[in-house]
A.B. asks: 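One structure follows; several queries about it will come next.
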Amino acid sequence: MSTELIYDVHAGDVQQGGSASAALKSELRKMGICEEDARRVGIIAFEAEMNLILYSTNGGTLKAKVRPEAIDITIEDTGPGIDDIDLAMTPGYSTAPEWALNLGFGAGMGLVNMHRNSDWFEIHSHIGKGTLIRCRVDRRKNDETD
Amino acid sequence: MMRLTDVVAALELRPLTNNGEFESDVISALVCDLLSVVLAKAQESDLWITIQRHQNIVAVAKVTSVAGVILADGVVPEQRVIDKASQEGVILLATDKPAFAVCGLLFALLNSEKG
């Protein structure tokens, strides 16, 4: 048994930024996922959501598949793609524009936070085609559900 | 450790949201305006002190489950941000004191409890 939660995220929609990840965390808590697991998924989702909003060409999708033993998170967009993934994964590296920096984005910790909160993390990107990120958060044993 | 309600009273914080049962425990605080750093460091028992006022702070507070957000330096967000926070169960607390003063007072308060 698994449940899939899917959120569309629109490019440039900074005002709504965080809505999908906040909704996802609420939903996970309602499903009985423990705070720590829901928090890790929420952090991954927030960073992914803001990346789609700030950097993607056409927005993208955020999916969370809840399985008994883990939560799989998939983030997909259609461009512009990341030129140098190693550089993008370097703590502190950011291409955020000035206006985004003024709002407290662009710490250069987005992908790093996603990686650190995942038990498994994978990123594929092609210029002109898009970026696909897949993460897995293993569930703790003390969940209220199974 | 202190109850949030005692911190709110001692620092004369003004609750902006109407979801106010300030029963959670506060152990420490984090002062930071970079959202990803807050996501990386904030704990459930922390108060988050910031001067950011846009809607994204609600999601960051929600995701990290911080005990509350102290908006320093007279910062007050737009009503729709306050409404969103109320809806999401995020507590927003305003003060005219600058972040430095809030930190000093809170640090002294939390450490006096330890002794």
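Letters A, B, ... mirror the listed sequences (proteins, then strands); counts begin at 1. Hydrogens, waters and symmetry mates are skipped; everything else that's a heavy atom, side chains included, is used.
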A.B. asks: Could you see if V75(B) belongs to whatever hydrophobic cluster contains L16(B)? Use Ile, Leu, Val, Met, Phe, Trp, Tyr and a side-chain cutoff under 4.5 Å.
C.D. replies: yes

A.B. asks: Taking heavy atoms only and a threshold strictly under 4.5 Å, list by residue number the residues of residues 40-58 of chain B that touch chain A; give 'none' if the list is empty.
C.D. replies: A40(B), A42(B), Q43(B), E44(B), Q52(B), H54(B), Q55(B), N56(B)

A.B. asks: Can you list the residues of residues 40-49 of chain A that sit under 4.5 Å from chain B, counting heavy atoms only?
C.D. replies: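 Interface residues of residues 40-49 of chain A: G42(A), I43(A), F46(A), E47(A).
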
A.B. asks: Just wondering, are more than 12 heavy atoms of other shown residues or ligands nearer than 6.0 Å to NE2 in H124(A)?
C.D. replies: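 Enclosed: over 12 neighbouring heavy atoms sit under 6.0 Å from NE2 of H124(A).
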
A.B. asks: Can you confirm whether Q79(B) is buried at CD, in the sense that more than 12 heavy atoms of other residues, nucleotides or ligands lie under 6.0 Å from that atom?
C.D. replies: yes

A.B. asks: List, one per line, each side-chain donor-acceptor pair under 3.5 Å for residues 88-96 of chain B, sequence neighbours excluded.
C.D. replies:
from: E88(B); atom 1: OE1; to: K62(B); atom 2: NZ; distance (Å): 3.3
from: E88(B); atom 1: OE2; to: K84(B); atom 2: NZ; distance (Å): 3.4
from: T95(B); atom 1: OG1; to: K97(B); atom 2: N; distance (Å): 3.1

A.B. asks: Consider only side-chain heavy atoms of I, L, V, M, F, W and Y, link residues closer than 4.5 Å, and tell whether L101(A) and M50(A) are in one cluster.
C.D. replies: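 Different hydrophobic clusters.
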
A.B. asks: Taking everything shown except D84(A) itself, do over 12 heavy atoms lie less than 6.0 Å from its CG?
C.D. replies: yes

A.B. asks: If you measure from CG on L34(B) to CE on M109(A), what distance do you get to the nearest 0.5 Å?
C.D. replies: 10.0 Å

A.B. asks: Side chains of residues 2-17 of chain A: which donor-acceptor pairs under 3.5 Å do they make with residues two or more places apart or in other chains?
C.D. replies:
from: Q15(A); atom 1: OE1; to: R80(B); atom 2: NH1; distance (Å): 3.3
from: Q15(A); atom 1: OE1; to: R80(B); atom 2: NH2; distance (Å): 2.6
from: Q16(A); atom 1: OE1; to: S19(A); atom 2: OG; distance (Å): 3.2

A.B. asks: Should V112(A) and F105(A) be regarded as members of a common hydrophobic cluster, given that ILVMFWY residues are connected when their side-chain heavy atoms come within less than 4.5 Å of each other, either directly or indirectly?
C.D. replies: no

A.B. asks: Please check if L4(B) and M2(B) belong to a single hydrophobic cluster, counting links between Ile, Leu, Val, Met, Phe, Trp and Tyr side chain heavy atoms closer than 4.5 Å.
C.D. replies: yes

A.B. asks: Please give me the minimum heavy-atom distance between G110(A) and S36(B), naming the atom from each residue.
C.D. replies: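 Looking at all heavy atoms of both residues, the closest pair is N-OG, 4.1 Å.
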
A.B. asks: Determine whether I127(A) and I85(A) fall in the same hydrophobic cluster, where Ile, Leu, Val, Met, Phe, Trp and Tyr are linked whenever their side-chain heavy atoms lie under 4.5 Å apart.
C.D. replies: no

A.B. asks: Heavy-atom count around E12(B) CD within 6.0 Å, excluding the residue itself: above 12?
C.D. replies: no

A.B. asks: Using non-hydrogen atoms and a 4.5 Å limit, figure out which bit of N102(A) sits close to chain B: side chain, backbone, both or neither.
C.D. replies: backbone

